[in-house]
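Everything numeric in this text was worked out from a predicted model, so none of it was measured.
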Amino acid sequence: MRIGLLTEGGYPYATGEARLWCDRLVRGLPQHEFELYALSRSAEQEERGRVPLPSHVTRVRTAPLWAPADDGRSYRRRERRRFAAAFTELVRGICGADPARFADGLYGLAALAWEEGGLYAALRSETAVRAVESACRAPEASRAVQRAQVADLLEFVDELERMLRPLSLDWYEDLREVDVCHAAAGGVAALPGLLAKRFFGVPLLVTEYGVQLRAHYLAHSARDERPAVRALLAAFHTRLAGEIYSQADLLTPGNAHARRWQERCGASRERLRTVYPGMEADRFAAVGEDPACGDPHTLVWVGRVDPAKDLIALLHAFAEVRRAEPRARLRIFATAVGTGSAAAGSGGPAAAANHEVGHGYLADCRSLAAQLFPDEAADAHAVGENPVTFEEIGGPDAPSPAHAYGSGRVVVLSSVIEGFPITLAEAMFCGRATVSTDVGAVVEVIGGTGLVVPPRNPRALAEACVTLLQDPERAQRLGSAARARALELFTVEQNVAAFQESYLRLLARGPARPDGTGVPFEQPPEARVPGHWATPTWATPHPEPAAPSAADPAEPPIRGDDVEAHPGLMVPAARAERAASPEASA
């Protein structure tokens, strides 16, 4: 089977949130061929390089979302009228209440870009700005959109061109040959698969471990943006998510929390299947199989330091814990410093600003810990020590996450915003008892193997921690149950098996090609071997190739097993022929 894997800001690059699970998926299914189509988010991401790819990855196509993509093509009168009609439908669908107009405009622009190119210049033209202005002034537009000024229109058009850049890529001729398109995220990453489904009937599978629409809301709520721009961008992402959810053949959310988001955006329950993220259990086996390791008086927190994790509430809760358990300690292990919005964003100045916010939040937490917990010493001759320590994964005391979790018996999660709590699942693999706030998919993940308290409630958090610190036998029982649950639900093996079954299910449904072709397995695998495989090489003479002329340079053919990086826009031969025809100048 040939799988077209679509990513944005992740695999096969060395950085990115979807890098690990995509790599595990590809390596776990060596019996299939994978073709990668990756959108990069920043120049820094591309400079850091790519991860090594296995041999059954037969093609790699890349394109940047951060760099200009002007192909130098400008439209003639007929093409301008066609663009204006499609773009007007798109923005009317964004500003209005009719999602069908958004879909018609999106596919109209995609068809125009496929046949003619030149979408970059058209999306930045005065025609596009005036179309957006007209849609914002329409009676059905929201009040925030109707107040858009010229600066708002220009900023939105600029962002819209970047998000619609996948429409101009020359990936669709390759995607029409795959058996299944698998988008590793929603949003812009799924656009090529959405068009392959629309024009060629290729089955589309969309996986969302973090809902892109939710990530957009969280990212832009923390930014100082104009209200009209924020409203327009939110409307675009809402319309795009709704179209993806309605057209995808199968949606695989990573948890019930993400599933509820998809259902509210129009996804049908019949096409939803929850597939939990796959994690490497072997990394935590040594700690998980030794429940007696770790200090019984130590609470452990592991994660990314940012305001959404609410470390301020955790420190106030630990002050209550110290009154009941004077021997208690709190070890905070930072895996990174930043904000949740930075993780979901596209890099650049906004990500840098969010990174600075994360460092400021860490400094505030250190200052609060110093005020709440003065250094303590056992006697007059000992050096004072603070019961709260801030450490990093990779240091001498915690060279790996397993060592961090194993340093105590109870792991705490104090977040106010959470999707799928990866650190909580890792603590379960380590056999640790957990105390968590009831946010995101926390209750679904622990399933009764830990204590759950309301968010933003330091007193409830402290009481739960004291309960487990004063009852080590109960903490050990909960840790053992948590490890058994994690081994059943969150391993790489169950994740790979679920996607293998999903691929076969999509292929077994039969073709959805517009021309009625494409019956599964109708073409033998050897038909894709380059050359005439049925004819001996000695039986066919090979004529000398003719020298290419200057007007028609010869290019080597692109084969299915090539690994190439193509950041440019597509320029099909039919486009050049059309431009040279007499009627094209009419």
Side-chain angles (χ1 to χ4, degrees), residues 61 63-65 67-95 100-138 150 153-176 188 191-192 194-196 198-200 232 236 239-240 514 549-555 558 566-586:
R61 305 293 299 276
L65 290 179
D70 191 0
D71 62 352
R73 180 82 165 85
S74 59
Y75 287 157
R76 296 179 176 85
R77 184 183 304 172
R78 182 184 303 172
E79 298 159 355
R80 288 198 300 269
R81 287 198 299 265
R82 185 177 172 187
F83 167 80
F87 189 77
T88 299
E89 286 294 296
L90 179 81
V91 294
R92 289 280 184 173
I94 294 174
C95 298
R101 301 189 71 174
F102 173 84
D104 292 341
L106 182 70
Y107 298 129
L109 291 177
L112 178 62
W114 183 24
E115 298 171 10
E116 307 293 345
L119 204 57
Y120 176 87
L123 287 172
R124 293 177 175 272
S125 64
E126 183 180 355
T127 301
V129 177
R130 290 187 179 277
V132 175
E133 181 183 19
S134 176
C136 290
R137 304 293 186 263
V150 175
L153 302 176
L154 294 175
E155 184 176 350
F156 173 68
V157 166
D158 182 70
E159 283 291 318
L160 190 61
E161 183 279 322
R162 186 185 63 82
M163 292 182 292
L164 294 180
R165 198 168 294 173
L167 301 184
S168 299
L169 298 174
D170 61 343
W171 290 356
Y172 311 114
E173 289 296 331
D174 299 329
L175 285 173
R176 72 186 304 174
V188 177
L191 262 179
L194 188 65
L195 300 182
R198 170 78 174 193
F199 296 129
F200 307 123
L232 286 168
F236 169 80
R239 289 284 182 261
L240 180 59
S549 63
D552 186 19
E555 296 183 355
I558 299 176
H566 184 81
L569 305 178
M570 62 177 177
V571 186
R575 188 187 309 161
E577 295 175 2
R578 182 184 180 96
S581 63
E583 44 211 46
S585 58

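A heavy-atom distance below 4.5 Å is not found between the side chains of Glu116 and Arg78. A 4.5 Å side-chain heavy-atom check between Pro192 and Tyr172 finds at least one atom pair inside the cut-off. Put simply, the side chain of Leu191 reaches to within 4.5 Å of the side chain of Leu240, judged on heavy atoms. Under the 4.5 Å side-chain criterion, counting only non-hydrogen atoms from C-beta, Arg101 is not in contact with Arg239. Side-chain contact check for Phe200 versus Leu195: every heavy-atom pair is 4.5 Å or farther apart. By the 4.5 Å heavy-atom criterion applied to side chains, Arg61 and Leu169 are not counted as neighbours.
The distance from the CD1 atom of Ile94 to the CD atom of Glu89 is 11.5 Å, given to the nearest 0.5 Å. For the atom pair Phe156 CZ and Cys136 SG, the distance stands at 7.5 Å (nearest 0.5 Å). Here CG of Leu119 is found 11.0 Å from CG of Asp70. Values are rounded to the nearest 0.5 Å. One distance of note links CH2 of Trp114 with OH of Tyr107; it measures 14.0 Å at 0.5 Å rounding.
Contact detail for Leu175 and Ala196: the closest heavy-atom pair is CB-CB, 4.0 Å.
For the residue pair Ser125 and Arg80, no side-chain donor N or O sits within less than 3.5 Å of a side-chain acceptor on the partner.
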Working for salt bridge (Lys or Arg N to Asp or Glu O under 4.0 Å), residues Glu159 and Arg162: CA-CA 5 Å; Glu159 283 291 318; Arg162 186 185 63 82; 3.3 Å; yes
